[in-house]
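Each chain gets a letter, A, B and so on, in the order the sequences are listed, and its residues count up from 1. Note that the coordinates shown come from a computational prediction; the quantities given were computed from them, not determined experimentally.
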Amino acid sequence: MKFLNEKISKSFPLPFFNRTHSFSSQTNLNKPLTHKSFFKSNTKDGLVSRLCKDGKFTQAIDILCDQNRLAEAVQLLSHIVRPSTSLYSTLLQHCLQHRALDQAKLVHSHTRVSGFEPGLFLCNRFIDLYAKCGSLLDAQKVFEEMPERDLCSWNTMISGYAKVRKIGEARKLFDEMPQRDNFSWTAMISGYVRHQRPNEALELYRTMQRRECSKSNKFTVSSVLAASAAIHSLRMGKEIHGYITRTGLDSDEVVWTALSDMYGKCGSIEEARRIFDKMVNRDVVTWTAMIGRYFEDGKKDEGLALFSELMKSGIRPNEFTFAGVLNACADHATENLGKQVQGYMTRIGFDPFSFAASALVHMYSKCGNTANANKVLKGMPGPDLVSWTSLIVGYAQSGQAEEALQLFESLLKSGTRPDHVTFVGVLSACTHAGLVDKGLEYFYSIKAKHGLKHTADHYACVVDLLARAGRFDEAENIISEMPMKPSKFLWASLIGGCRIHGNVKLAKRAAEALFEIEPENPATYVTLANIYATAGMWSEVTKVRKEMDESGIIKKPGLSWIEIKREMHVFLVGDQSHPRYNEIDHFLSEISKRMKEEGYVPDTNFVLHDVEEEQKEQNLSYHSEKLAVAFGIVSTPPGTAIKVFKNLRTCVDCHNAIKFISKISNRKIVVRDSNRFHWFEDGKCSCLDYW
DNA sequence: CTAGGGTTAG
């Protein structure tokens, strides 16, 4: 019921009443005849110049504003002897609409020249305008020079700071201000949420609650709900939910959306859906959030079902919606679906500047279709950094290092400034192609040439680069010289390099560091055990296994999937549940005979040693990627390329086996593992056994 | 005139 009322109040009075404040629209309403003649006249400026001749500059300015001819309108200002507050207000409103900082400054200087005392209202508008145009310095100047300030002046200044990355400045003002209303608290709280500092937001909310005079309103609660969601605090979220119900704030769809989203992000997706279903007035944000929560929860089908419901509902999806769906397509590598989404976007005409376009580049890159990703990027009038970076990473993961580095050069030529993520892509391109020295060159250029700081990720990349190449001394040097603590990614890269080169000693050190940072990650135990196994240190293997068992850590199950005729087929390790398992099994046993003839030797080092030799070999043949590849081959005509995706890194033996399979069955086989793409053809892999 | 929910690259 509450929603119904809200709907009515929203759809009726607002647009109409707003007109009383808008001078341009008022002109429209009051003077339909003059406007008509204006539009009819061939000399477009006829009316404006006549008005000017008659000294009716105010009306002329109104008309020019209506025509989006802001600069000319501002020029006319100089003819007016006694401008009114409302005239300035009209101009400023249009400046704000076009984010026209220069024009705003002209208007501002005019107030000084004409000796006009701006007054509280106009000064506050100037602050808001300058802040929204990104010129905090000008805003601050107005604020400081004001003869008197009201709450709104402070609040506007605070939210101005909170919107750009100056939350510290905002807080300073907040602490300084003589008194605060719920506006001030909310602006500050939402600033913290926006800058991903949910804990501080919630702390401030607590303080606010203790002040009797500042009551939370719907703006406050929707912000703190987002904060609770960000830290996954269901307890806090529920508490706010209770407050919302008690105070009757649950009559607003934004609050409901925030509530639903909070439950979804805190792991209660069913509760999120219940709230979603209860809502009468769902807007595109509500839908987008709910769809996104399903994807995040791994419930791809539910997410897609809801997406198609949205498309039927008549509500137009926006760039956020598309970005969410495309991102899910990227994660699950459902390229066909992504293509359909692209088709839909094209049909409804999406903004090529929006980040839905970069999500498209990301989706194609993640699906291994760098050609299409490149096509989308080239079709963008001015690709943004995210799109460039997505494709660079895409090339890197496909082992197309040359293309990645060339693209990076085009990025520089386009005048776009790379950021730290871009360099993660560039460095990993070098890593995946084994271009060690080139990679080092890029690494040093980050600081020297591009004036960026090295991040922990850059160090992780460069250690990865060196460790894979077996240049452990250099890697250790860099680690000892880095200004921050090595991240888990760095240690994981190092231990990965140690696995390739059998460096037991350094692996132990890396593992110890990893156990400290993330003791619950099974991958560390598994890799370490495998390194010991390769070195034949069986007692150490047993020890690691025992530790793993005792700490109750379970290995993440390997999962591979393949799309055949628009249908996904998912395989687990040793999975026999597929309806066509007999064919798969038959194919695998037949081909392993051929493989052995060709010289394939099963690599059993990576299997835990307490299994009999023969059984080990059989275990290997049941890895999920082998099952998926086998299924792909038996269910497609000869010569069809096979594309398989795996949630973990592919194992050494499977990698080797798939090389043989590609040769014997004469197929191109693509495997996207959690790290990169492997393109198998004629017994070789694009990664050159380097991953 | 000032405040809120959904979002893309590693």
Side-chain angles (χ1 to χ4, degrees), chain A residues 21 85 89 92-93 96 119-129 131-132 150-160 162-163 181-191 193-194 216-227 229 249 252-262 264-265 283-293 296 317-327 330 354-363 365-366 384-394 396-397 418-428 455-458 460-461 489 675:
Chain A
H21 296 294
T85 300
S89 174
L92 290 188
Q93 198 180 318
L96 184 62
L120 259 177
F121 175 82
L122 267 189
C123 284
N124 289 348
R125 283 211 94 153
F126 272 119
I127 296 175
D128 185 41
L129 177 59
K132 284 192 174 134
D150 63 358
L151 261 168
C152 187
S153 326
W154 288 90
N155 291 343
T156 310
M157 202 58 222
I158 288 173
S159 73
K163 277 206 180 79
D181 61 359
N182 44 17
F183 239 110
S184 332
W185 288 92
T186 306
M188 202 58 229
I189 289 171
S190 72
V193 176
R194 198 193 305 256
S216 313
N217 55 24
K218 58 182 184 177
F219 298 100
T220 327
V221 292
S222 30
S223 271
V224 285
L225 279 172
L249 285 172
D252 181 281
E253 62 254 40
V254 175
V255 172
W256 277 65
T257 303
L259 205 51
S260 164
D261 198 48
M262 181 277 297
K265 278 184 177 150
D283 65 5
V284 65
V285 179
T286 314
W287 285 90
T288 304
M290 191 67 232
I291 293 168
R293 294 298 75 78
E296 203 176 65
N318 64 14
E319 62 204 80
F320 291 93
T321 327
F322 288 129
V325 178
L326 286 171
N327 201 32
S354 76
F355 49 61
S358 48
L360 209 48
V361 178
H362 174 220
M363 184 274 295
S365 298
K366 267 288 157 69
D384 62 333
L385 184 62
V386 173
S387 304
W388 288 107
T389 306
S390 290
L391 186 52
I392 290 172
V393 172
Q397 289 178 332
D419 74 354
H420 61 111
V421 186
T422 318
F423 280 104
V424 171
V426 170
L427 291 176
S428 74
T455 67
D457 288 336
H458 298 151
C461 282
F489 302 109
N675 196 33

Mark yes or no for a side-chain to base donor-acceptor pair under 3.5 Å between [X] and [N], with no hydrogen or angle criteria applied.
X	N	value
A:N318	B:dG6	yes
A:T257	B:dG5	yes
A:N217	B:dA3	yes
A:T156	B:dT2	no
A:S222	B:dG5	no
A:T321	B:dG6	no

Looking at every heavy atom in both A:S365 and A:S390, which two are closest together, and how far apart are they?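 Here A:S365 and A:S390 meet closest at OG-O, 3.5 Å.
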
Any idea which heavy atoms bring A:I392 and A:G425 closest together, and the distance?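 Residues A:I392 and A:G425, closest heavy atoms: CG2-C, 3.8 Å.
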
Phosphate oxygens OP1/OP2 of [N]: is one of them under 4.0 Å from a side-chain N or O of [X]?
X	N	value
A:N182	B:dT2	no
A:H362	B:dT8	no
A:R194	B:dG4	yes
A:K366	B:dT8	no
A:K163	B:dT2	no

With a 4.0 Å cut-off on heavy atoms, is [X] in touch with a base, just the backbone sugar-phosphate, or nothing at all?
X	value
A:T286	base
A:T288	base
A:S159	sugar-phosphate
A:V255	base

Round to the nearest Å and state the distance from [X] atom [atom1] to [N] atom [atom2].
X	N	atom1	atom2	result
A:R293	B:dG5	CZ	C1'	11 Å
A:D283	B:dT7	CG	P	14 Å
A:L151	B:dC1	CG	P	16 Å
A:L122	B:dC1	CG	C1'	9 Å
A:D261	B:dG5	CG	P	10 Å
A:N124	B:dC1	CG	C1'	6 Å
A:N155	B:dC1	CG	P	14 Å
A:L92	B:dT2	CG	P	12 Å

Check whether any side-chain heavy atom of [X] lies under 4.5 Å from a side-chain heavy atom of [Y], and answer yes or no.
X	Y	result
A:T85	A:F121	yes
A:S153	A:L120	yes
A:I158	A:M188	yes

So, the side chain of A:T455 versus the backbone of A:H458: is there a donor-acceptor pair under 3.5 Å, distance only?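 Looks like yes, one N/O pair under 3.5 Å.
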
Exam field: side chain A:N327 to backbone A:A330, donor-acceptor pair closer than 3.5 Å: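 No; zero donor-acceptor contacts below 3.5 Å.
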
Identify which nucleotide among [options] has an atom closest to any side-chain atom of [X], counting heavy atoms from C-beta outward.
X	options	answer
A:V284	B:dA9, B:dG6, B:dC1	B:dG6
A:F219	B:dA3, B:dG5, B:dT8	B:dA3
A:K265	B:dT8, B:dT7, B:dG5	B:dT7
A:A226	B:dA9, B:dA3, B:dG5	B:dG5

Looking at B:dA3 and A:F183: do their rings stack (centroid distance under 5.5 Å, interplanar angle under 30°)?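 Stacking is present between B:dA3 and A:F183, given that their ring centres fall under 5.5 Å apart and the planes under 30°.
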
